[in-house]
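One structure is given here, and the rest of the page talks about it.
In what follows, every chain begins at residue 1, and chains take the letters A, B, ... in the order their sequences are listed.
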Amino acid sequence: MDLSPKQSSPSESTRFPDEVLERVLALLTSPKDRNAVSLVCKDWYTADSWSRRHVFIGNCYSVSPEIVARRFPRIRSVTLKGKPRFSDFNLVPDNWGADVHSWLLVFASGCPFLEELRLKRMRVTDESLEFLALNFPNFRALSLLSCDGFSTSGLATVATHCKNLTELDIQENGIEDLSGDWLSCFPENFNTLEVLNFSNLITDVNPGVLERLVSRCRSLKVLKLNRTSSLDRLQRLLVSAPQLTELGAGSFSEELTLQQHAELKYAFGLCKNLSVLSGFWDASALNLSAVYPACSRLSFLNMSYTALQSPELASLLPHCPCLRRLWVLDSVGDKGLEAVGANCPSLEEIRVFPTDPFDEDMLHTVTESGIVAVSQGCPKLHYILYFCRQMTNAAVATVVRNCPDFTHFRLCIMNPGQPDHTTNQPMDEAFGAVVKACKKLKRLSISGLLTDLTFKYIGEYAKNLEALSVAFAGSSDLGMQYVMEGCSKLKKLEIRDCPFGNVALLSGLERYESMRSLWMSACNVTIDGCRSLAREMPRLNVEVMKEEGSDDCKADKVYVYRTVAGPRRDAPPSVLTFSGL
Amino acid sequence: MEGGVAYEQGLNLKATELTLGLPGTGETEGQGGVRNNNKRPMPTSETNEEESQALKAQIVGWPPIRSYRKNSLQEKKDSEGEASGMYVKVSMDGAPYLRKIDLKVYRGYPELLKALEAMFKFAAGVYSEREGYKGSEYVPTYEDKDGDWMLVGDVPWDMFMSSCKRLRIMKGSEARGLGCGV
């Protein structure tokens, strides 16, 4: 990459002073735009470096903290993602890495004015949280999603020392929940909180403390309670903070007297600005009706932690005319999904999670009829995540005919390798229909009985595909080859339990440097194959996670990613790193 | 496939398993969740139904549900178990209507008896293994899984909790056969 301008540059007087350039560039916020800008010429690269305020790092090992701090000395906000996505499903050993501490050490001296830190799948210890709280005086916003390694003590240090905290967002983490005392660590005069999400935690927080905190923080917009928060507390909090735009209710199953129900309904009625509702562990049908008055502006409803039945959903939905995103459990059944189709014309996203993923005899589940019913009533649908136990090619074809604008299509037929249940054929034509009809498709997850034909379709038609997730599919190396050859925009590829070997792995040689990462587990790749790949492509890190008792030559789990930081030095003994350097 | 599967197709072998523990101990078993067995043979067309059931039970990380969500579901199941509790009907001879109590709320016989005494306004007397309840007109009894009427207090609390179907506070005269010393 040659940064010096080849043509003769315009005369000095028409060049922008750096300050002007920086001001102009400051208006560009998207990382993609910023990255493009930095490639124009050296001046623009420098101006971008000085004016960049937010950095998104999709793989913490693709770059080192030193490089980031050196290039962007004035960043205020960092988003870091660590472990491969399959760590969410227990496929990555606990001590794999992605520890945030080394980043904090470098930023403390290199970017001391850091205000926001958003981490996903990183290891975060209490020690790191304390370091963060004590070394960044302007720190304002902390978001931890799917992280692990910390306890409520770490949260206590953040609450104690971050005087200007506006956001504390703790979601879906492996957190050691010692006590609810951390909330009491916010000083009595502290009032800057705008976002508080502690839905992750089990232990109860001191009730008076929460109420007082909420009433002090007049700018509070997002409040997500944990499941031990009672309805009584919820009612008082709503009365105190009717300005909320996002609410996560706690448990919703208590028996209420008529008076209490009326009071709760009244409290919900005060909230005229709610656009997001979530939480609701174990909601009872009766209690749900208290929520109706708050639903008129609702755009996102997340009921995926309570086994809602179809009549309850059917009663709730007419109160949500603006609904654009809906997450539910499959307890609503096909009938519930029919109600969705009938009541949500603006729906853009639906996610249906399984109530009982491991029990196959469960009667309440959704089938192909459900997904078809939604597609018939919701032509704007562009995001679907659907867990089911049966599907047909015809149904999927109908769905994408009704909704050709899918950008995210994630179908999980829970029984691996299951064919179309009416024709007993593979599900190849289903995904063929998806990639042919949905030109904007960016993310695809496939399942069911699938041959190489599925991959041929994907390689041929899914030209905008950026993320592909494959499990228990394909017949030969050809499958993966089709994808590597055809999907030029692919950034993330995850494969498990497929018959793809070294030939398949090496077919992507030229592609991996344009991708964020490749994951292959329980396939037919060997250590030699990994070594070859590493030798050919020195700017890739090729890592193999060995399982106990497996053959020496087998590469049980392979993780390949591009990097400018070289092979990492913090890998545990069970992770072998191959590098061409 | 050794050692991974708790249930054969349809047969609950655990129920008839011989152990040295008393009945009622070790009842709760973790259902589902992630097995640590990393052997993940792929289901092939030759795999028969039963084998594929077992294979599925052993697949790590499938279906792809986040641990957080899985744990939430599991907690829900556990707490539902607690919420549905062990409600048993309690009748008292001569009382016009029955009551219902949740046995899980009590930690042992003394608490249970105190609660019953308060609920029905009677005194149970002093319990001894040899003579049953001495010094009382009323005797707490229960119907067990086999349909037999037993004296409350004879068996260990855990065994009682798992075998008690309903409670009846019997009037002394009827209770003579149960060892009441009146």
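At a 4.5 Å heavy-atom cutoff, the contact between A:Ser304 and chain B is made by backbone and side-chain atoms alike. Only the backbone of A:Ile413 comes within contact range of chain B, with heavy atoms under 4.5 Å apart. Within the 4.5 angstrom heavy-atom criterion, no atom of A:Phe86 approaches chain B.
Residue B:Arg69 holds its CZ atom at 6.5 Å from CG of A:Leu329, rounded to the nearest 0.5 Å. Interatomic distance, OH of B:Tyr68 versus CG of A:Asp148, reported as 15.0 Å (0.5 Å rounding).
Listed for the A:Arg496 side chain is a donor-acceptor partner under 3.5 Å among the backbone atoms of B:Gly61. Formation of a donor-acceptor pair under 3.5 Å by the B:Trp62 side chain with backbone atoms of A:Met414 is found in this model.
The nearest pair of heavy atoms linking A:Phe89 to B:Ile65 is CD2-O, 3.5 Å. Here the closest non-hydrogen pair linking A:Pro416 and B:Ile59 is CG-CD1, 3.9 Å. The minimum heavy-atom distance linking A:Asn90 with B:Ser67 is given by the pair OD1-OG, 3.1 Å.
The environment of NZ in A:Lys492 is sparse: at most 12 heavy-atom neighbours from other residues, nucleotides or ligands sit within 6.0 Å. Heavy-atom neighbours of B:Arg166 CZ from other residues, nucleotides or ligands within 6.0 Å: at or below the threshold of 12. By the neighbour-count criterion of 12 heavy atoms within 6.0 Å, atom CG of B:Asp148 is densely surrounded, having more than that number from other residues, nucleotides or ligands. Around the CG atom of A:Asn95, the shell of radius 6.0 Å holds more than 12 heavy atoms that belong to other residues, nucleotides or ligands.
For the ring-ring contact (aromatic ring centres under 6.0 Å, His included) test, no residue two or more places apart in sequence or in another chain qualifies with A:Tyr386.
The shortest side-chain heavy-atom distance between A:Pro354 and B:Pro63 does not fall under the 4.5 Å cut-off.
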